[in-house]
Structure formats: C-alpha cells, structure tokens
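What follows is one structure encoded as structure tokens, with my remarks underneath.
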Amino acid sequence: MTTQTLTLAQGLNAGLRQALADDDHVVLLGEDIGALGGVFRVTDGLQREFGPRRVVDTPLAESGILGTAIGMSYRGYRPVVEIQFDGFVYVAFDQIVSQVAKMHARTRGKVPMPITIRIPVAGGIGAAEHHSESPETYFVHTAGLRVVSVSNPQDASTVLRQAIACDDPVIFFEPKRLYHVKGEVDAAVDLADAPPMSAAHVVRPGRDVTVVSWGSHVATAIDAAEAMADDGASVEVIDLRSLSPWDADAVAESVRRTGRLVVVHEGPRQVGVGAEICATVTERCFEHLEAPPVRVTGHDVPYPPAKLEGHHVPDLDRVCFGIDQVLGRVPLDVPTVTRTAQEVAA
Amino acid sequence: MTTQTLTLAQGLNAGLRQALADDDHVVLLGEDIGALGGVFRVTDGLQREFGPRRVVDTPLAESGILGTAIGMSYRGYRPVVEIQFDGFVYVAFDQIVSQVAKMHARTRGKVPMPITIRIPVAGGIGAAEHHSESPETYFVHTAGLRVVSVSNPQDASTVLRQAIACDDPVIFFEPKRLYHVKGEVDAAVDLADAPPMSAAHVVRPGRDVTVVSWGSHVATAIDAAEAMADDGASVEVIDLRSLSPWDADAVAESVRRTGRLVVVHEGPRQVGVGAEICATVTERCFEHLEAPPVRVTGHDVPYPPAKLEGHHVPDLDRVCFGIDQVLGRVPLDVPTVTRTAQEVAA
Amino acid sequence: MPSTTDPRTRRLSRAGHDSSVDSAHGGARDHAPAPAHPAPAPDGAQTGDGTVRLIDADGVRHPDAAYDRWVEDVDHAALRELYEDMVVVRRIDTEATALQRQGQLALWPPLLGQEAAQIGSARALETDDFVFSSYREHGVAHVRGIAGADLLRVWRGVTGAGWDPHEARMAPMQVIIGAQALHAVGYAVGILADQETDERGEAPGSGATAGAAPTEAVISYFGDGATSQGDVAEAFTFASTWTAPVVFFCQNNQWAISEPVSLQSKVPLVERARGYGMPGVRVDGNDVLAVLAVTREALHRARTGGGPTFIEAVTYRRGPHTTADDPTRYRTSAEIEHWEARDPVSRVATHLRSEGALDDDGEARVQAAADAVAAELRAGVTTIADPSWQDVFADVYAEPHAELEAERDAYARYLDGFATTEGGGR
Amino acid sequence: MPSTTDPRTRRLSRAGHDSSVDSAHGGARDHAPAPAHPAPAPDGAQTGDGTVRLIDADGVRHPDAAYDRWVEDVDHAALRELYEDMVVVRRIDTEATALQRQGQLALWPPLLGQEAAQIGSARALETDDFVFSSYREHGVAHVRGIAGADLLRVWRGVTGAGWDPHEARMAPMQVIIGAQALHAVGYAVGILADQETDERGEAPGSGATAGAAPTEAVISYFGDGATSQGDVAEAFTFASTWTAPVVFFCQNNQWAISEPVSLQSKVPLVERARGYGMPGVRVDGNDVLAVLAVTREALHRARTGGGPTFIEAVTYRRGPHTTADDPTRYRTSAEIEHWEARDPVSRVATHLRSEGALDDDGEARVQAAADAVAAELRAGVTTIADPSWQDVFADVYAEPHAELEAERDAYARYLDGFATTEGGGR
Ligand SMILES: Cc1ncc(C[n+]2csc(CCOP(=O)(O)OP(=O)(O)O)c2C)c(N)n1
Ligand SMILES: Cc1ncc(C[n+]2csc(CCOP(=O)(O)OP(=O)(O)O)c2C)c(N)n1
Ligand SMILES: [Mg+2]
Ligand SMILES: [Mg+2]
C-alpha cells in the first residue's frame, strides 16, 4: 500500500483514473470535463489519458446526459456522470427518478443501471444562486437509488470506485467545501478489503451524545465534540457516509449507549434526511432515549445569498447548541406556532 | 348557502369555475384540459364557458407549462396548471424547485408566483406505471412552496379556491381514488369564513391514539378508527389537509392527549412526510409519548404494477396493525438489518 | 424478410425539400393560445409535396427515382409478408382491445391505423438493431418476435416489462413522453464506443469489425406530441453532434390524446430535423413500402457513419388514445372517415390483387395466420400468472440491499399474522 | 434613442437563406463523441453568407437592401450614442472585473466582446418591453437604466436580484441555463391575454388598445450553449404555436465555458428557428447597427401579430467565462486575436471618424462619460449594505407563514444567547 497526500478533489481524480484503468466500460460524461478537467478539476488530465470516447464532453443539457447514460448502460457501459453543480441536477430529475431509479425493477432485473452521478454539493463557498444546494432528500426518498456522501480524501477515492463498481445507480455527493482539504490516500485500495460503501463510520467515540452527520459537517461535528469535551460532555461522532441505505444499525447501537442523538445537515429541516434518522432512531431506541433527538439543519428557506450563508449552514456554534439542547443544558425551544382563535376553532 | 351533491372531481370543477368567474387573471393551463375537459374531466366545460385564452391547451411539455406559468405570473396572472398525472411532474421539477419556489425570495418580494399546480396523485386505481406516484416529499421539502391535499368534495372546491387566491405557489394534490367520491358541496363558500388552508381538521375525536393522514387515506383511517372502536380503542383521526406548512400545533395537541401517534401515507417510508411528522411530534411531545410513533406507509420501492398495489398502498388492515403496534398489542417489529461480521467491523 | 440493401446505394435524404415557414400543415392558426382544436387538414397539407409515397391509397404503385432502389428486393412474396404482418397486428390490436373490454387487461392503447408505419419501419431493422419505443408500438414488438402473453403482460398490470429487453432487442415500453429518445442516443453512442474498444482489441460484444463503420443501429419511436418535449430536442442535439447511429421515427398520428398536431408545431414536424443538422424525411405513414424504404435508407446512413435521421411518418390514430379515452369529445367522424379511406392495410391488398399476387386463397391464408395469432393471444393472457407479494420488493436493486430485505421480511411477518388469525384480517 | 421604425416596413426575415445540413459551421467533425474541442473556424464560416452585417470590422458601412430601412433614423448622433453605450458598458465590465479581483465581488462574468450584441438589441426595445436574460447581460441591464450598486448587488452575494424587475422591466439574471426562455414566452402570452381582457373591457394594465395587435413585446437572451437545453426548445414550440410576441436573442459567443459551439450544433444555430415554424436571422453580433436593425425587425414582427423570431448574434466572449475560469486551458491566443480584430467598439469609432462624426474631443467626451459611470460603480459597491440575518427568512412566502416565522424567532433567540454570554459564541 502506497499513500500520497492528496486533496479530496485529487482523491476523486485518482479514483476515477483507477476506475477507468480497471474497467474498459467505465465512461465519464459531463459538461467541461475534457480539456478543462471540470470546473473543479476533478477530471483533470483524464481525457488526455483515456481519450475523448471515454471522457466525454457532452452538449449542455443534463437531462440529455442522464438519458444518454441510460442508453449506454443498456449497451453494457458504466457511465460516470458529472453534474457541474448541485443546482443543475433538477433539469435531469425525471430521467433520474423515473428512469435510472426504476429501470432495474421495471425490467425485473434484466437491465441494471450502473450509473454513478457525481454531484458537487452544498454551500459554504460563497457561490452564486443554484451553486449551493443540498438535494439529498430528493434522492434518499427515491427508491432504487443509492446515495453516498464523502467526508475525506481516502473515502473520496475508495467510495467513488465502489460506487462505479456497484451495479446500482449511485448518487455520489462531493462536498464542495472539502475539495481542497488534504489527506493521505491509497488510490489502489483493494475494494474487496474496503469497508462496504453503505457502512457508517464512528469517527470519534463518545459516551453521552451521538452526533450523526456526513460530508463537510463531519468535521464540524468533530470540532464540536472537542469543544464539548472541554465542557465535560463526551460526544460520539458518526460519519454516515451512505445516506441510502443508511446504517440505522450503527446509529441505533450508538444511541442505545448514549441515549441522545443530534443530527447535523445543511439541507432544509422539513423532511430533511435528519427527520428520517430521528424518526427511525425513536422507533428503535425509544426506551433508551433520554431526550428527544435534535436536528441542527439549514432553515426552511431557499439557500440564501452568499453573504448570509453563515446564518444558514450549521456551524460549530449551532452544533454545540444542539448538543447542549439534547443534554438539557439549554431549552429545546422548538419553533411553535401560536394559532389565532379562528384557526384553533377550525 | 346552497349545497349540491357533487363528486370530488365535480367539486374541483365547481371551484375552478368560481375562481375563473371571481378573478379575470385566473388562467388554466394544461394538456387536454380544453375540449376533452382533462383526462379526469375536472375542467369539463370550462373552455366552452371561459374561452381558449383562459382555459388553455398547451403543447405536450410540462417544463414548458410551468415556465410559461412563471412568465404569466410576472405579467400579473394567476395560472392554474394541471399536470395530467403525478408521474409527469418530474420533467417540470427544475422549473418548480429552482424557479417557482424561489422567485419571490429571489426578487425580495417583488415578484410573487401565485401559481396553483394541480396534480392528480397516488394509486389504488389500477393504473399503468408513472400514474400512481406520491411525490409529496419532494415538494414539502422544498422551501417556498405550499402543499395541500384534499380528502372530500367540499375541501376540493374550497381549498382549491384558496390555493388559487393565495399569492404563494401551491402544489394541490387531488387523490385520484377519490375523484368519484360524492359529498355535499357549497361551491360559493365565502373564503373569508372558510378555515385557513393550512389548518388540520380533527375529523374523528378519540382518546387513545392519534392517526394523522391526508387525501384518500383519511377515509382508511376513519374506517380503522371504527374497527378499533370495536376492539376497545378510541382513535382520533386528523386530516392534515396541508402538508406544507403542516399543522404541527394541532397534531401535537392531540398527541399530548392520546400519547400515541400513527401516521399513514402512501409514498415511500424513507424520508416520507411521515418521518417529519414523527420527528417533530417526538420533539414536541417527548414527555407525553407512551410509545414511539408508528408509520404506516408505502414500501421503499418504485410504485409496483397494478396487480401488486394492494400490497403497497396502506389499507384498513395495515392501519389497524399500526394502531395495534402503537398500542403495544402487537410487537413494533421495525425492520432491522443484521450486519455481517465484516460490516460490523467496518 | 430480405436483409438490408446494398450499402453502395448510400444517398442523401430529402432533407432539403421545399417547405416554408408560413405554410402551416394544420391550416392557418390565429395567434391565440389554444383555439378549440383545429382538426388536421385533409390529405393535401398532411401528405402533400415532399412526402414519400410508393403505394397510394388506391393501391397504385408509383415509381420513385430516389426510393425505389431501397425496396428493389421487395417482390410480391415479400410484399405479401408485409401485408400479412399488418393484418396480424391489426388482429392483435382488435383482440387486445376486446380483452380489455372483457376486463382481462387494465388498459390498451390501440394502434389501429398505424400498421404500415410500424411494420414498414420494424421490418427494416436487422436482428441486432435495438428499439426504444413508446407504448403504442405493438406492431414493432410483434416484428421483434414478442408475442402472446409477453405483449399483454404490462397491460394486465403484472409487470413493468413484458419481455427481456436484451433478448428482444427492444426496451420496455416508455410512458414518459419522449424520454426514450435519449436512451436510444445513449445506446447508439455505446455502439460507437464499442467500435473504438474493438480497435483497442477488447471487444465487449459488438459485431463490428475493427475500424469499420458501425454495423448496428438504433431506432427510437415517438409520437407527434412527443416532439414538444425537451428530452426529444436534447436527443436530436446529442445524436447530431455525436453522429450517433440512430433513427428517430416519429409517428405523426395527428393527435396527442385530444390535442391536434397543430398545437405542437406550425410547420410539418419533419422540418425539425434540419435545424439540428440531420436529414429529415416525411413519408406516407400508411404506405408500408415507402416506410420500409425510408427507414432502410436512414438505417443505412446510421450504419455507415452518416449519423441520425429524423423520419416523420404521417399516419392516423383511428381508435381512441387508449381504451379509457373518448375521442368523440375532440374529433369528428368525418375526419375518421377521411383516414379510413387511406387505410394502410387494404391498399396493399388492392395492389397485390391488381398484380395478381393475392387471390382469395392467399387472403384466406393471411386471415388464418391472424386467427392463429389471435387465438394464441387469447390463450396467452390466461397463462399470465399473477405476481406474488414478494415481487413488490424484488429487483429494486441489482446488488444485495439488506435494508430493503429487512423491510420485506417485516412485511412477510405482518402477512403471516393473518395466517394465524382466523379469516385472514378484518 | 429613436423609437421603433415605421410598422409599414414589416417584412419577412431571412429565415430561408441558403445553408445545408452538411456544411458544419465549426468545421467538419468526425462522428466521435467529444473530439478535443475543435476551435471555431475563422470568419468565413462563422459570419459567412446569410449573416446580416452593416458595418464591417474595418468600420466600413455596407448598404443592405433588406435592413437599411430599419436603421434609417440612426444618424451620426444616434450612432455616437450607441458607441458611447458600448464604451461605457465595456468600462463597467473592466471595472467590475477589477472589483472582483479586489475582493469586492464574489464573481463576475465579463461581457468583453459582446458589447454590440447587447447594446444593439437592448436599444431596439421600448420602455414597456420586458427582458428575461441570462447572467452576462450587464450591457442590457445598463440600457434598462440599472446602474451602480444595483448591477453589482447580486455578484457581491447580498441578494438574488439587484433591482426591482417591474421597475426595470427586466427579470433578475437567470443562472439555470435556458430556463428564462420559457418565462419570456409566458410573459408574452400574458400580453396576448391582456389584449383579450381589454376587449372584454377589463384591462389589467396593458397599454394595448382593444382589438389591436400587441404593442408590447418580450426579449429573451441566452447563449449558444443554452440552445441544447430542453427548456429552450420547449420555449420555441410554445412561442411558435401560440404566436407569442417574443424575440429569442441568442448570443453565440462561440463558447459555453470550455465547450465550443460545434459541440452544441453541427449547423449554424439560426437553423433551429425554421424547424419550429419561426423566422430566424443570423447577424454579425459585433456590428451594433446590424444588431439594432434585426432586433427592431423582430420586435416589430412581435408587436404586429407575427409571433416569435430567433436571432443568432455571432460574437465572441473575449474574457474568461467568469472570473473563476481559466480559458487558457481550452482555447488559443490566436483565436482571441482573431476576434480582437473584429472588435465591436473600435469599428464604430473608425466608422464615425471616417465620416467626420467623431473627433478627439468627442472621443474624450465619451471616455469621460465612461469614467463617470466607472466612478459611480466603484462608489456604488461600497454603498451596498450587507444583508441582515433576518433576510434569510424574509420573502420566502408572499403571505404570512406562521411556521417559518416561528423558525425565525427560534433562531433569533439562539442568536440572542450570544449577546448574554461574553464574547458572543465559542
Ligand atoms: C411527460 C408526460 N406527460 C404527459 C403524459 C400523458 N400522455 C400520455 S400519452 C400522451 C399523448 C402523446 O401523444 P403522442 O406523442 O402524439 O403519441 P400518441 O399517443 O399519439 O401515439 C400524453 C399527453 C405522459 N405520458 N408523459
Ligand atoms: C442547467 C445548468 N447547467 C449547467 C450550468 C453551468 N454553466 C453555467 S454557464 C455555462 C455555459 C453557458 O454557455 P452559453 O449558454 O453559451 O452562455 P455564455 O456563458 O457563453 O454566455 C454552464 C455550463 C448552469 N448554470 N445551468
Ligand atoms: Mg400522436
Ligand atoms: Mg456561449
């Protein structure tokens, strides 16, 4: 095993290179992924290395890209699609939820869709509108898809290869905030030895509170755990990694020990993935819960302009506040509407 | 007040007629809504009555319909869009989530989007693929939209008029299974007197368990409540009516009394709207809960072929089973994965 | 059926034929949105100049300098086969419609009137070619060898795909209007990619020889209404700039449920092609021979590196949109009569008889073949097994999915509960 | 600016000009998907036959039988105004680019090279016309009267819309490629509907007289890349079959980030129009006078019931896609030099000077105007107030929304917590 220090973007690049080298049927499709190497340079150098038939600049149409990927899957290919930014995936939504997600079930297993859909995701980078979306709910709710999100360069490389090797379609979220974060990467990990794509990782053990997150907020959660340690609370942090399926066993096992759960994510709260985690953990760990699970999330608003994202994206303070809440150190303060008399009468 | 006995489809028709008559800026857009009157005849006769500029057959393109509706809203119109079947809304997803939902926030209130998007929804009618979807999660999670679902002819008429009169975009779900259900309708209700669109209704009071549902499953829940009454349990049924915002106060008030919650919906369980309701109720009513909230939902699968929908769509038996579960009469039996050794090691 | 014609006959299509922006094919429309459904104009405008037609409505064969060569091999015997195909699929359609009325099928979208468009195009295909169709292409499916129960399975509501797409080399029917056009392009791009892989010496199963032009091609069927969907336009762009070996076969049957084609386009649909840099050809979709000719030409272009072609087959849906539709609400019986007079099936019979190539005995044999297929269909529907509850959870994922399996097992335990209580549920 | 020209001059466009499917404008492409970005061919193919040009790259005015009449009123003084507009917006662009480099703006998409396309088209508009643009149309916004801080607000990251769309009669910039084309069609359909409402005697604010042709029109801007998006195709269909008063103005600046226009289309983009039943016209997008002429013609057609027009303005993006882009990765300096020689601004100066209509004093006045605007811009950016946290929750809904208000209040209490602890947070 040889490791290198790579950024998360470079880890992805290494993972793609390995996947292209390992399997002739892996093809990359996307806008500006060729000469430019993608707007985040994740595909840098790959078209030069593997040629324009395997690293393919597509016309500017995301539904077209996904539809094409579906046809290539019929022909035995394993397309890896790059959506340039999270906000541009919605024009391809029908091809993803009506076709990609359903084709294997529709054909009773005759036509798998081994498509990986890479999506640079979430905010915190001061970007323009539609460049900071957290659309995970839409895909986690869609049966037939798998959804993963990476939090470090090694996972970037390995999980991406696992996603490409998987015969199911995988939505692969790349947190933009982490593209430049560095770490040690072994780009040639034997996938047979790697932990399964769907397994959560306990990235920091603790006794009093379980914090579940993924992507860029794993780091925030670890920071919060450290800050809370000074305040005398032992916080366990779980990197969920896979959002669909998600590792409810691992989370439930942890919550049974700690009795307290905080979920941190950036997408809106209402029917966010946090709602699922809280609901499921309540079902499974009801007798063990010392307090209601707490969600620290983006607000129920369109992602705000860049100058305001600090008030939207969960940060260290808000995660600590959530931990304090679940510990009963500050009131839960759930938003409550006081209905008018007329409304109550209704 | 004059009432007539109308089917739910006729109630909608009456509501549309009233809205068209009340406000010159109301326009109907959709496929086959003119001469044909829509595939469910909800717009029957309206083009004849109001002319082809106000009841407009559009070319066959849902993104085009929504995009056009947005432009008409800029011009001061109040478009009422018909999506022919639930499964055809996904091709318009970007225009809905990136444009309709965000325009008012984007323009700091200068450009409201008073668009009503009517969607015949859900299954149980033996339809072909893509004709039985329950896409509510996608829209409830999307900030900037309001989402309602009607369960009876009177609401069909009144809530539709409220939705059209509302300056916000409203996703208006019409459960296909109920189109032919009859009820008394006053089509000219004074909207000022009507209960607010966002208020839940307690449709059957009870003491032991709160069952929350909407659309066609309100009837199932009422049937279950009656069945359970024979079994000695007093079940309260809440018709949520509005899914976004949803009336958490009303639900929490009920659960504080009953101590037990069952949510019934047809869409997949994972990150379904039921997850939100359960998570929120747990936050608000933790001390009052006698048992973890139970969800009775569609499975986490693509909507199955017609002959199998009886095993997918919640029915009387499954709702009763859910009530038995929350009452502790049968085990909760939450699906639990037993991980392999390798997986647990990860 | 004879195989494709001589590749040396590769020629340009009629893409450049004259037509002007102002000559609306559905008659002039005022600039109001949605006037009350103007009916398609009679013959002239719909199958006027520039439309390829080899056998007219009266069964008269007209020579065509450009297209005769594509059907040189179609002798009387071959034409009789095409005729039989059409008679058979019409019978399949009638039978399935009846089965729907009897409650054996949940729904059926009749193809009545579109037999020539479907048979002529499908018979132009090679076995290895791949089809991505809409929901009405029962005739195409029949030609692909899909018969009996497999054809009805979906419409009985037991499955999402009645056949193995790889075996039949035809994807399952597509309900989302236009989506399949992109799938066809992707498959065609896969053919190109295979060739390059072949050149590298690692063939993944393509029959193409190293360095040669593609020998497989793809056809995508969609309707006139579908041309308004963004996906179809995107498919044109992708196919064109990538020179993908695909044929876009549009059956302009004049209606998209209740909407006339004039609501989708002011000019003949064939005009779309040119603006996307591909040839377009308009054909009398009720003339099986002409359809065969233009489709062969287009497939040949695809196979020889010439890229995509758009074919507009002008035809008519004589039945309801589906068995759930009531066409009397939006069109006249005069219109239907107009198109009955242009029947695709009878014109071939007339032609064959006039040539002495079909007599009463021959006709009887054809009808007997149709009777046999109909009987097979009727028998087939009763053999379709109902799915089991486990199928709800089956095949959602290709790889193991412990979570969904657990969900299935929990449901199994729930079902088991009924077995232990008398009566099985409330 | 002079107002629209005589409506009697309504004529057909050049939609029918000669072009063939096989003459790719980006040079021949093999049928491989995605060859390594072929650069656009030099002048000939890109602005060859059929392209309207009134003032060439050397500043020479060429007579044009078809289009001169649309700019008859443009005397030296008017042309000087157009020139000044272009100099000013170029300065705005330079200034904003500098402000981005200085950290005052988060991002900026330069318009350098596209001044004529934007000024010529925007100056063809009447005040009441409505604009739906993309993100690069700072020149259009300037003409609409949007200046200083309002132009930069979005790019500083403080808001989603820098101006009141109704006041400016210009929607906020659109990031989702092509989405705005449909909004423009909808607005145009609204204009038609207003006319009908007027006829019923219940005018909702339109200036149209009862029964008259529309007097307002809509213009939608988008790029060459956008033509591949399904939404744009759907907009063509809706506009065409509804005869909506809208102009589709495509700035073909040769690139969509790193992708050459040849990846979006094998034929000139203007060809798209005809297949959708609308006139298309290709214009030298670096010739402000020609752009003014063709846009006036198209708007006139829209106003007089003639429906939509598609304009392809052939131009070039000389800067990076945005300040975050590195164009050296995908194009050559030779290409940039080629287009510098076709500068839209200097050709007008040359022309005016050759006519004796611009001297050093005049030039100095123009530069002084640009200096003033630049100074206003620099000053403006510092006046842009940072938004307050409440703005996160503001205007999400038009009507009261108790739930979101409660969420806001809870967040307020959370923030209040910092005020009561020393230091304000950890
Ligand atoms: C995206 C989408 N929108 C709407 C529908 C409903 N729908 C089913 S068939 C049809 C008409 C299709 O017309 P056309 O493309 O001409 O095909 P035809 O039925 O005439 O064969 C419509 C609107 C659909 N299936 N998919
Ligand atoms: C739906 C969507 N996909 C991708 C993008 C990313 N993107 C932003 S600009 C651009 C290129 C647009 O090119 P073009 O339409 O030619 O306009 P130009 O930038 O040249 O003015 C792309 C791909 C986007 N904004 N929206
Ligand atoms: Mg049709
Ligand atoms: Mg461009």
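First the proteins, then the strands, lettered A, B, ... as listed; each starts at 1. Since we're looking at a predicted model, the values are computed, not measured. Below, all heavy atoms of this structure are taken into account, side chains as well, without hydrogens, waters or symmetry copies.
- Contacts between D/Ala233 and chain B at a heavy-atom distance below 4.5 Å are absent for every atom of the residue.
- Of the two parts of D/Arg169, only the side chain, counted from C-beta on, holds a non-hydrogen atom closer than 4.5 Å to a non-hydrogen atom of chain B.
- Among all heavy-atom pairs drawn from D/Gly186 and B/Met72, the shortest one is O-CG, 3.2 Å.
- Considering only heavy atoms from C-beta on, D/Glu234 stays 4.5 Å or farther from B/Pro59 through its side chain.
- Applying the salt bridge (Lys or Arg N to Asp or Glu O under 4.0 Å) rule to pairs touching residues 81-91 of chain B yields B/Glu82-B/Arg118, B/Asp86-B/Lys176, sequence neighbours excluded.
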### Message
For a side chain to side chain contact (heavy atoms under 4.5 Å, CB included) check, start with the C-alpha distance between D/His401 and B/Arg146, then their side-chain angles and the critical distance, and finish with the verdict.
### Response
CA-CA 10 Å; D/His401 196 290; B/Arg146 296 175 188 261; 3.8 Å; yes
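- When heavy atoms are compared at a cutoff of 4.5 Å, D/Gln174 approaches chain B solely by way of its side chain, counted from C-beta outward.
- The side-chain heavy atoms of B/Thr68 and D/Trp242, taken from C-beta on, include a pair separated by under 4.5 Å.
- The minimum heavy-atom distance between D/Glu403 and B/Trp246, with the atom names listed, is OE2-O, 4.0 Å.
- Between D/Pro172 and B/Thr107 there is a side-chain heavy-atom pair separated by less than 4.5 Å.
- Heavy atoms of other residues, nucleotides or ligands lying less than 6.0 angstrom from CZ of D/Arg413 number more than 12.
- Of the residues considered (B/Gly76, B/Ser73, B/Gly67), B/Gly67 shows the highest number of contacts with chain D, using heavy-atom pairs under 4.5 Å.
- The heavy-atom pair separating D/Ala171 from B/Tyr74 by the smallest distance is CB-OH, 3.4 Å.
- For a heavy-atom cut-off of 4.5 Å, chain B lies close to D/Asp391, D/Ala394, D/Asp395, D/Val396, D/Tyr397 in residues 390-397 of chain D.
- Within residues 176-183 of chain D, the residues having any heavy atom closer than 4.5 Å to a heavy atom of chain B are D/Ile176, D/Ala179, D/Leu182, D/His183, listed by residue number.
- Within residues 163-170 of chain B, the residues approaching chain D closer than 4.5 Å by heavy atoms are, in numerical order, B/Ala165, B/Cys166, B/Asp167, B/Asp168.
- Here B/Ile65 is the residue among B/Leu66, B/Val27, B/Ile65 with the most heavy-atom pairs under 4.5 Å with chain D.
- Of the atoms belonging to B/Met103, it is side-chain heavy atoms, and not backbone ones, that fall under 4.5 Å from chain D.
- Heavy-atom pairs under 4.5 Å with chain B were tallied for D/Thr237, D/Asp231, D/Val185; the largest tally goes to D/Asp231.
- Within the model, atoms CD of D/Glu399 and NE2 of B/His104 stand 9.0 Å from one another, a figure rounded to the nearest 0.5 Å.
- With rounding to the nearest 0.5 angstrom, the CZ atom of B/Arg54 is 9.5 Å from the CD atom of D/Glu196.
- The candidate with the highest count of non-hydrogen atom pairs below 4.5 Å against chain D, out of B/Gly144, B/Ala143, B/Ala69, is B/Gly144.
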